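Model, not experiment: these values are computed from the prediction.
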Amino acid sequence: MNSWYVVLNHLPDMLYGLRYTFLIAIVSLALSMVFGGLVISLLRSKSAAIRAMGFLYIQVFRSLSPYVYVLLVYFALAGATGWKMDPITAAIISLTLLNTAYVAEIYRSVLLTIDSGQWEAAAAMGLSPWKTNSIIIWPQALRTAIPLLLNQFIVILKDSAIVGVIGVKDILYVANAQASITYKQFEYLTAVGVIFILIVFVLSRLSMSLEQRLAWKH
Amino acid sequence: MNLDFSIILTQWPRFLWGLGYDLYFAFAGFALGCVIGFISYLGSASRSKIARAVSYTYVQIVRGLPMYLLLLWIYFGLATKFGLALTGPQAIIIAIAIMSSAFASEIFRTGYNSIDVGQIEAGKALGLSDLRINRTILFPQVIRVVIPPLLNVFVICFKAATYAAVVAVPELVFTAQDISLNQYRPFEAYISVAVLLIATMLVLSLLVKVVEDRLNDGKGA
């Protein structure tokens, strides 16, 4: 039983590391929501070339694991451009690049749920495309998208566990560092696992109840 | 900055082996994951409350774990606590299997739910045993429904296979790390690996699309 006390002593340090996990996940999701909107507007363009660009972006950026992106951004991009970025910036850039593609897919699927009659009605009322989007289409689309975006947030949160490989002192990094001094990998990693499982469980419950509360009543 | 891809070209057999490793881990982990996922589905559909609770807990736990953490736990955690020293390939295959089993379990569940209850009732009316109903009536239909989503899980497994670099298996990402450290060519190494992985993913997703279309054709006829 003694070995678990050691973990308990370091629990505050590990929980403190969670702030990076959340910081990276929240900033990445927020940026992905903005850039995802850009990618979806590429996909809805009238020009076939621009649509192809949007499609290519999604294909390419969905193809690799977050691990490869983190390495690519931190070592390859930094090496090639000479930009000395700090690990947290690199983590946010890579998770944003990756999740922009997934968020664009979420937007695409929720826009499909909106009846084409809405666009026609807006056009009949003489609304500009900007107004149609900002006051009619997107408020509805985002409402449907909220539970899906929360699910994506869970995915980002889990993916962000990898940022320790480039030296971000997140929860897993702190636990690993302690574990390699004490050789208590099992205890430390189990503790981190339990924390992740609890966070994911609570968030997915939240997402499920949001889904029910925000569902359109017909 | 001057790029020099000649080092990458001279090392091409290592890249090919690396890709082979990644595909092998994805395939072995996926196959094992489907089996575990099916067992987990059987638990969730069982009449026994305990089996349902165990299966539910298992899926919740696996869904909550990051892949990287799961791999470290299997590779380092089990070795330090129980002396169960798995090799890198064993650890990554087990990690992929566990991760994909949660997906597979849910996919089997939706697959079975998509079948009309009337078919089970008809089977019972004919006096068939539960096992026989499952084997001759339900399973052949379920397998058609679950193949496209399961293939998407295979694609996820392939992406996850690159984590094997963490446990020092000479797969693609590890090869890139090695070349970037020893030849000081990080950009060329990582870009080449990324291009190889993206190309493989494109081929895999095209294959998924072809299989999906063929299954849909069969349904229409």
Q | Residue from A:Ile197, A:Val194, A:Val200 passing side chain to side chain contact (heavy atoms under 4.5 Å, CB included) with B:Ile61 | A | A:Ile197
Q.
Just to verify, which of B:Val173, B:Thr162, B:Ile198, B:Val193 counts as forming a side chain to side chain contact (heavy atoms under 4.5 Å, CB included) with A:Leu64?
A. B:Ile198
Nearest heavy-atom neighbours spanning [X] and [Y]:
{"X": "A:Leu189", "Y": "B:Gly77", "answer": "CD1-N, 4.3 Å"}
{"X": "A:Ala76", "Y": "B:Tyr190", "answer": "CB-CB, 3.8 Å"}
{"X": "B:Met201", "Y": "A:Ser63", "answer": "CG-O, 3.2 Å"}

Is [X] atom [atom1] crowded by more than 12 heavy atoms from other residues, nucleotides or ligands, each under 6.0 Å away?
{"X": "B:Arg63", "atom1": "CZ", "answer": "no"}
{"X": "B:Phe174", "atom1": "CZ", "answer": "yes"}
{"X": "B:Phe38", "atom1": "CZ", "answer": "yes"}
{"X": "A:Ile181", "atom1": "CD1", "answer": "yes"}

Q: Classify the angle between the aromatic ring planes of A:Phe201 and B:Tyr56 as parallel (below 30°), tilted (30 to 60°) or perpendicular (above 60°).
A: perpendicular
Q. What class does the angle between the rings of A:Phe186 and B:Trp73 fall in, given that below 30° is parallel, 30 to 60° is tilted and above 60° is perpendicular?
A. tilted
Q. So, do B:Leu72 and A:Gln185 sit near enough that their side-chain heavy atoms are less than 4.5 Å apart?
A. no
Q) Can you check whether B:Met67 reaches A:Ser65 side chain to side chain, under 4.5 Å on heavy atoms? A) no
Q. Measuring heavy-atom distances to chain A, does B:Phe158 have an atom under 4.5 Å in its side chain, in its backbone, in both, or in neither?
A. neither
(Q) Which atoms of B:Val166 are under 4.5 Å from chain A, going by heavy atoms: the side chain, the backbone, both sets, or neither? (A) both
Q: Tell me, out of B:Ala79, B:Ala161, B:Pro186, B:Ser180, who's got the most heavy-atom pairs with chain A below 4.5 Å.
A: B:Pro186
Q: For the pair B:Lys159 (side chain) and A:Pro66 (backbone), establish whether a donor and an acceptor sit closer than 3.5 Å, ignoring hydrogens and angles.
A: no
Q) Under a 4.5 Å heavy-atom cutoff, which of A:Ile199, A:Thr190, A:Asp159, A:Leu203 has the most pairs with chain B? A) A:Thr190
Q: Before giving the answer on side chain to side chain contact (heavy atoms under 4.5 Å, CB included), spell out for B:Phe76 and A:Asn176 the whole-Å C-alpha distance, their side-chain angles and the decisive distance to 0.1 Å.
A: CA-CA 10 Å; B:Phe76 295 109; A:Asn176 256 334; 5.8 Å; no
**Q.** Atom pair OG1/OH of B:Thr80 and A:Tyr188 - distance to nearest 0.5 Å
**A.** 12.0 Å
Q: For side chain to side chain contact (heavy atoms under 4.5 Å, CB included), just list the numbers for B:Ser205 and A:Gln59, CA-CA rounded to whole Å, side-chain angles, deciding distance to a tenth of an Å, and then say yes or no.
A: CA-CA 10 Å; B:Ser205 23; A:Gln59 274 299 321; 4.2 Å; yes
Q | Part of A:Val68 lying under 4.5 Å from any heavy atom of chain B | A | side chain
